[in-house]
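Here is the naming used below: chain letters follow the sequence lines, and residue numbers restart at 1 for every chain. No experiment lies behind these values; they were computed from the predicted model shown.
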2 protein chains.
Amino acid sequence: MPRPRASRLDPERRQTLLDVAAEEFAEHGFDGASYNRILERAGFSKGVAYYYFEGKDDLYAAVLALTLDTLARRFDAWQRPADAEGFWRALRARYLALTTHIVDDERSARLLRSMSQARTHPKLQEAWLRFEGPLVAWFQRVLEDGRALGAVRGDVPESLLLTSLMGIGQATDGWLLEQWAHAGAPALQRGAEQVFALFEDLLVPRPVGPPPAKRR
Amino acid sequence: MPRPRASRLDPERRQTLLDVAAEEFAEHGFDGASYNRILERAGFSKGVAYYYFEGKDDLYAAVLALTLDTLARRFDAWQRPADAEGFWRALRARYLALTTHIVDDERSARLLRSMSQARTHPKLQEAWLRFEGPLVAWFQRVLEDGRALGAVRGDVPESLLLTSLMGIGQATDGWLLEQWAHAGAPALQRGAEQVFALFEDLLVPRPVGPPPAKRR
DNA sequence: CATCAGTTGGACCACTGGTCTAATACTGGC
DNA sequence: GCCAGTATTAGACCAGTGGTCCAACTGATG
């Protein structure tokens, strides 16, 4: 956690530091980033840096918090839709907006991607826990709503669904970027639709009938 | 790649080094591991180490190669099953064996888990490429067989299915470990079955009929 | 003016992965 | 047995890492 006095730091200098740090962390990830380099570029001496922040991990957390905050502001709050169809419409809109964001603000996207490291990095454990809670809570609320509306299956533990969803989301994020790099924006759009279709296939309640139904 | 002369290194010393390194890498991941500490513990001087290996990343690759090799030996080679049912039986058996392995050989499992870092780590790019090829090839062959047998959907790019599968697999690996830690081996077994059911739901061809089928 | 908390710069620390060199061990040819 | 030349070894050394510490400075209050 940033030291309490961090709020007393001149906003402009603070902004500079966070900006330089965001660049460095996005470029090299947490481990690869050089704290010394950040401080030098932002015109901070060691003394000042450690006066306002507890260390590299603390600064990283501050950068990530800012990034997540900006991201959250781009999405409306989640409200329980009226029916299953509305549920899927709302979820789809949010996912497509997210994929757009990946291309829009590449630095933030790379930063967000580095979060997967944070989840397991020993030095970032504390920082991670501050983010995990709200994130999981949001997902859980969505899944619960989905269940209540009959849009989401109930035969599998919610925690498993949640884990799987985040796993696919993360993995396909890289895949989407590839599509975009190789074939441009339309491919990204198409890819995102396909990924979302996978989400749906995974979440939708299983048909109860015997397996040998009609297939494509 | 290990230097060619690495093969001339006394097998026993080599074994010691790889063993110590496996421990360190499994414990701290690639970045967190201390090369100096590994060398000290294994009784290697800097000179010798850099004489036989190109550096930290090279040693890491060697450890990983050994681990993957051992793992591969535990599984029979893949052979195209006779029908869709056989396909799912074969895949299921392999997945369950893999989850057993996670608990059986915790060190290897942690090492394998660190591979996800290797995929994106700039210093491990080269090493990763050596592993990615065969791994992807194996998966692709399996998916192709599945398609040929009508066990796997064909309406989505193979690369997307592959990415998603690996994403879920990796994410649920952590989930399975939690199940095991909280509720023991039976929970692990149950969890693995559920995860595999998700795989199946994701891969199985979509019913062609109109969406509002019978649901649970 | 003196006091004292808040702030600042930067020397310093143990450690990191990696390079280099000088010494030693070992080899085959004579 | 001796020598030349290569293979092997130990470890000093290097620039860079994140982090600690302290002396000096600042500005407000009495």
Presence of salt bridge, Lys123(B) and Asp57(B), under 4.0 angstrom: no
Under the rule for ring-ring contact (aromatic ring centres under 6.0 Å, His included), what residues qualify as partners of Phe199(B), not counting sequence neighbours? Tyr95(B)
Any carboxylate oxygen within less than 4.0 angstrom of a Lys/Arg side-chain nitrogen, looking at Glu193(A) and Arg92(A)? yes
Could you check how far OH of Tyr60(A) sits from P of dG18(D), rounded to whole Å? 15 Å
Base, sugar-phosphate or nothing for Gly55(A)? Non-hydrogen atoms, less than 4.0 Å. sugar-phosphate
Determine, for Asp19(B) against Arg14(B), whether the closest basic-nitrogen to carboxylate-oxygen distance falls under 4.0 angstrom. no
Whole-Å distance between dA10(D) P and Leu39(B) CG? 11 Å
Using a strict heavy-atom distance below 4.0 Å, which residues from residues 21-36 of chain A are in contact with DNA chain D? Ala33(A), Ser34(A), Tyr35(A), Asn36(A)
Using ring centroids (six-membered ring only for Trp), state whether Tyr50(B) and Tyr35(B) fall under 6.0 Å. yes
Would Glu24(A) and Arg41(A) pass as an ion pair if we require N to O under 4.0 Å? yes
Which angle, to the nearest 10 degrees, lies between the helix axes at the two ends of the helix from dC1(C)-dG30(D) to dC30(C)-dG1(D), each defined by five pairs? 30°
So, does Arg37(B) get its side chain near the phosphate of dC15(C), meaning an N or O under 4.0 Å from OP1 or OP2? no
For a quick test of reading the model: is some side-chain N or O of Lys123(B) closer than 4.0 Å to OP1 or OP2 of dT16(C)? no
Assuming nearest nucleotide by heavy-atom distance, tell me which of Arg8(B) and Lys46(B) is located more 5' along DNA chain D. Arg8(B)
Below the 4.0 Å mark, does dG9(C) have OP1 or OP2 next to a side-chain nitrogen or oxygen of Tyr51(A)? no
Parallel under 30°, tilted from 30 to 60°, perpendicular over 60°: which one fits the rings of Phe30(B) and Phe25(B)? parallel
Phe44(B) CZ to dG17(C) P, in whole Å, measures 16 Å
Using a strict threshold of under 4.0 Å (side-chain N to carboxylate O), is an ion pair present between Glu106(A) and Arg110(A)? yes
Please determine if a side-chain N or O atom of Tyr52(B) lies less than 4.0 Å away from the OP1 or OP2 oxygen of dT9(D). yes
